[in-house]
Amino acid sequence: MGEEIYSIYCLPFNEAVGGDIVYQNTIANNNLQSNKIALSNTDLDEEFFFDTNDMEKVYISVGNNRQLYASNFLEYLQKRLLSYV
């Protein structure tokens with residue numbers, strides 16, 4: 001199983017497009033119009049994201065199924081890290 005938690009690369013998009021959070025949410029996907037900011041995607045088609053109406057909680061979606069995953073970003077990181085142990 002693979003997953004990349006997006007980050008800010010501070011490079012031009014043509015040099016580092018893969019996991020840059022700005023690129024993923026504005027250029028590759030028009031997520032902001034869907035009121036979300038994707039944090040990561042997995043090989044299992046899971047998407048972890050913030051809802052722009054509630055930027056504290058992290059949600060998970062698989063297809064059309066969406067549910068709360070973590071009450072804050074630190075809990076999200078902890079759960080993702082522990083899922084690989």
Side-chain angles (χ1 to χ4, degrees):
M1 181 168 82
E3 174 178 8
E4 180 174 10
I5 297 174
Y6 303 135
S7 61
I8 298 173
Y9 286 177
C10 296
L11 295 171
F13 294 139
N14 61 349
E15 293 179 29
V17 297
D20 183 89
I21 197 165
V22 176
Y23 178 86
Q24 288 296 326
N25 286 287
T26 60
I27 296 173
N29 303 290
N30 201 3
N31 287 336
L32 295 178
Q33 285 192 346
S34 302
N35 294 326
K36 66 180 181 180
I37 297 174
L39 300 170
S40 66
N41 291 307
T42 70
D43 290 345
L44 300 175
D45 292 328
E46 299 167 311
E47 181 176 55
F48 298 90
F49 62 95
F50 286 119
D51 182 320
T52 59
N53 297 311
D54 181 6
M55 293 289 291
E56 185 171 335
K57 298 174 184 160
V58 177
Y59 295 87
I60 181 174
S61 66
V62 180
N64 292 329
N65 184 15
R66 169 190 163 153
Q67 62 187 30
L68 180 65
Y69 181 76
S71 60
N72 58 53
F73 185 70
L74 290 177
E75 182 183 354
Y76 157 77
L77 285 177
Q78 180 183 31
K79 284 183 168 186
R80 296 316 302 147
L81 291 171
L82 292 175
S83 72
Y84 290 98
V85 176

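Just so it is clear, the structure is predicted and the values come from calculations on it, not from any experiment. What you see below is based on every heavy atom in this structure, not just the backbone, and it leaves out hydrogens, waters and symmetry mates.
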Kindly list each side-chain donor-acceptor pair under 3.5 angstrom involving residues 50-66, sequence neighbours excluded, with atom names and distances?
from, atom 1, to, atom 2, distance (Å)
Asp51, OD1, Asn53, N, 2.7
Asp51, OD1, Asn53, ND2, 3.3
Asp51, OD2, Arg66, NH2, 2.7
Thr52, OG1, Asn35, O, 3.4
Thr52, OG1, Asn35, OD1, 3.4

- Message: Between Phe73 and Gln78, is the side-chain contact (heavy atoms from CB on, under 4.5 Å) condition met? List the steps.
- Response: CA-CA 9 Å; Phe73 185 70; Gln78 180 183 31; over 6 Å; no
Evaluate the side-chain proximity of [Y] to [X]: yes if any heavy-atom separation is below 4.5 Å, no if none is.
| X | Y | answer |
| --- | --- | --- |
| Ile5 | Phe48 | no |
| Tyr76 | Ser40 | yes |
| Ile37 | Asn31 | no |
| Tyr84 | Glu3 | yes |

- Donor on one side chain, acceptor on other, Tyr6 and Asn25, under 3.5 Å: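 Note: Tyr6 and Asn25 side chains miss the donor-acceptor criterion.
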- Under 3.5 Å, is there a donor-acceptor pair linking the side chains of Glu75 and Asn72?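 No.
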- Message: Is it the case that atom CD1 in Ile8 sees more than 12 heavy atoms from other parts of the structure closer than 6.0 Å?
- Response: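 It does not: Ile8 CD1 has 12 such atoms or fewer within range.
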- Take Asn29 and Gln24 through the test side-chain contact (heavy atoms from CB on, under 4.5 Å) and record every step on the way to the result. CA-CA 6 Å; Asn29 303 290; Gln24 288 296 326; 3.6 Å; yes
- Query: Roughly how far, to the nearest 0.5 Å, is CG of Asp20 from OG of Ser7?
  - Reply: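 Those atoms lie 7.0 Å apart.
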- Item | Residues Gln33, Thr26; criterion side-chain contact (heavy atoms from CB on, under 4.5 Å); working and verdict | CA-CA 9 Å; Gln33 285 192 346; Thr26 60; over 6 Å; no
- Task: Begin with the C-alpha distance, continue with both residues' side-chain angles, and end with the deciding distance and a verdict on side-chain contact (heavy atoms from CB on, under 4.5 Å) for Glu47 and Lys36.
- Result: CA-CA 11 Å; Glu47 181 176 55; Lys36 66 180 181 180; 2.6 Å; yes
